[in-house]
Amino acid sequence: QVQLAESGGGLVQAGDSLRLSCAASGGTFTRYGMGWFRQAPGKEREFVAAIGPSGSMTYYSDSVKGRFTISRDNAKNTVYLQMNSLTPEDTAVYFCAAALGVVAKTPRANDYWGQGTQVTVSS
């Protein structure tokens with residue numbers, strides 16, 4: 001029903017910045033809380049950031065708070081993740097997720113997922 005497509009990943013050096021984008025289609029974007037999750041090799045998928053349907057409420061994991069910023073443009077059906085001061089520990093596949101009517105901080109609570117985009121940070 002809802003399709004999500006991430007973009008913007010790549011290879012950067014420690015201290016650099018990236019902006020990820022997630023374009024949504026097939027649903028009413030303003031009804032969904034949106035989130036970013038990441039998964040490193042051999043690790044569980046973990047919460048990174050989330051934003052409420054209106055964009056008023058934002059949430060961050062402790063590991064990215066102060067460095068990452070989540071935002072959404074409801075006119076473009078797009079959610080963004082601005083990542084600053086990147087470190088090698090941020091290396092992972094980053095996934096965009098949507099939850100109907102809620103802000104979901106756990107992977108299980110989300111209804112739809114994108115395919116992921118690779119972020120690699122070198123020392």
Side-chain angles (χ1 to χ4, degrees):
Q1 183 179 350
V2 174
Q3 294 81 47
L4 305 173
E6 303 97 332
S7 62
L11 174 63
V12 298
Q13 296 186 173
D16 285 353
S17 298
L18 278 176
R19 189 178 76 157
L20 306 183
S21 298
C22 173
S25 62
T28 303
F29 187 65
T30 54
R31 293 182 178 179
Y32 291 86
M34 303 296 297
W36 288 96
F37 296 77
R38 66 187 183 187
Q39 188 167 19
K43 303 293 182 64
E44 295 282 333
R45 190 168 299 186
E46 67 173 346
F47 169 75
V48 176
I51 188 167
S54 71
S56 297
M57 301 296 175
T58 58
Y59 307 88
Y60 300 93
S61 68
D62 290 341
S63 63
V64 308
K65 192 174 299 181
R67 298 189 297 123
F68 292 9
T69 302
I70 188 171
S71 62
R72 66 191 294 161
D73 186 340
N74 287 343
K76 295 183 177 180
N77 289 359
T78 301
V79 63
Y80 304 94
L81 185 68
Q82 178 66 46
M83 305 185 293
N84 298 330
S85 301
L86 286 163
T87 75
E89 288 69 44
D90 296 314
T91 296
V93 177
Y94 283 70
F95 297 90
C96 177
L100 181 61
V102 299
V103 180
K105 298 180 183 178
T106 63
R108 299 180 188 274
N110 286 276
D111 301 301
Y112 303 99
W113 293 89
Q115 79 288 347
T117 186
Q118 177 71 47
V119 173
T120 303
V121 185
S122 63
S123 300

Could you walk me through whether Met83 and Val64 pass the side-chain contact (heavy atoms from CB on, under 4.5 Å) test, one step at a time?
CA-CA 8 Å; Met83 305 185 293; Val64 308; over 6 Å; no
Can you tell me how far the CG atom of Leu4 sits from the CG atom of Asn77, to the nearest 0.5 Å?
10.5 Å
For Lys65, check salt bridge (Lys or Arg N to Asp or Glu O under 4.0 Å) against everything at least two apart and list the hits.
Asp62
By salt bridge (Lys or Arg N to Asp or Glu O under 4.0 Å), which residues pair with Arg72, not counting sequence neighbours?
none
Is there any salt bridge (Lys or Arg N to Asp or Glu O under 4.0 Å) pair reaching into residues 73-85, and which pairs are they, with sequence neighbours excluded?
none
Phe68 meets the ring pair (Phe, Tyr, Trp, His ring centres under 6.0 Å) criterion, sequence neighbours left out, with none
Taking side chain to side chain donor-acceptor pair (under 3.5 Å) as the definition, give me every residue that meets it alongside [X], ordered by chain and number, with sequence neighbours left out.
X      : answer
Glu44  : none
Ser123 : none
Tyr32  : none
Ser61  : Ser63

Clusters formed by hydrophobic residues whose side-chain heavy atoms approach within less than 4.5 Å: which one holds Tyr80, and what are its other members?
none
Result block: side-chain N/O donor-acceptor pairs under 3.5 angstrom for residues 107-119, not counting sequence neighbours:
from	atom 1	to	atom 2	distance (Å)
Asn110	ND2	Thr106	O	2.9
Asp111	OD2	Leu100	N	2.8
Tyr112	OH	Gln1	OE1	3.2
Gln115	NE2	Glu6	O	3.2
Gln115	NE2	Glu6	OE1	3.2
Thr117	OG1	Gly9	N	3.3
Gln118	NE2	Ala92	O	3.4
Gln118	NE2	Thr120	OG1	3.3

Residue pairs passing the side chain to side chain donor-acceptor pair (under 3.5 Å) test where at least one lies in residues 7-20, sequence neighbours excluded
Ser17-Asn84
Applying a strict under-4.5 Å side-chain criterion to I, L, V, M, F, W and Y, I'd like to know whether Trp36 and Ile51 cluster together.
yes
Just wondering, do Tyr60 and Arg67 contact through their side chains at under 4.5 Å, heavy atoms?
no
By side chain to side chain contact (heavy atoms under 4.5 Å, CB included), which residues pair with Val103, not counting sequence neighbours?
Ala50, Pro53, Tyr59
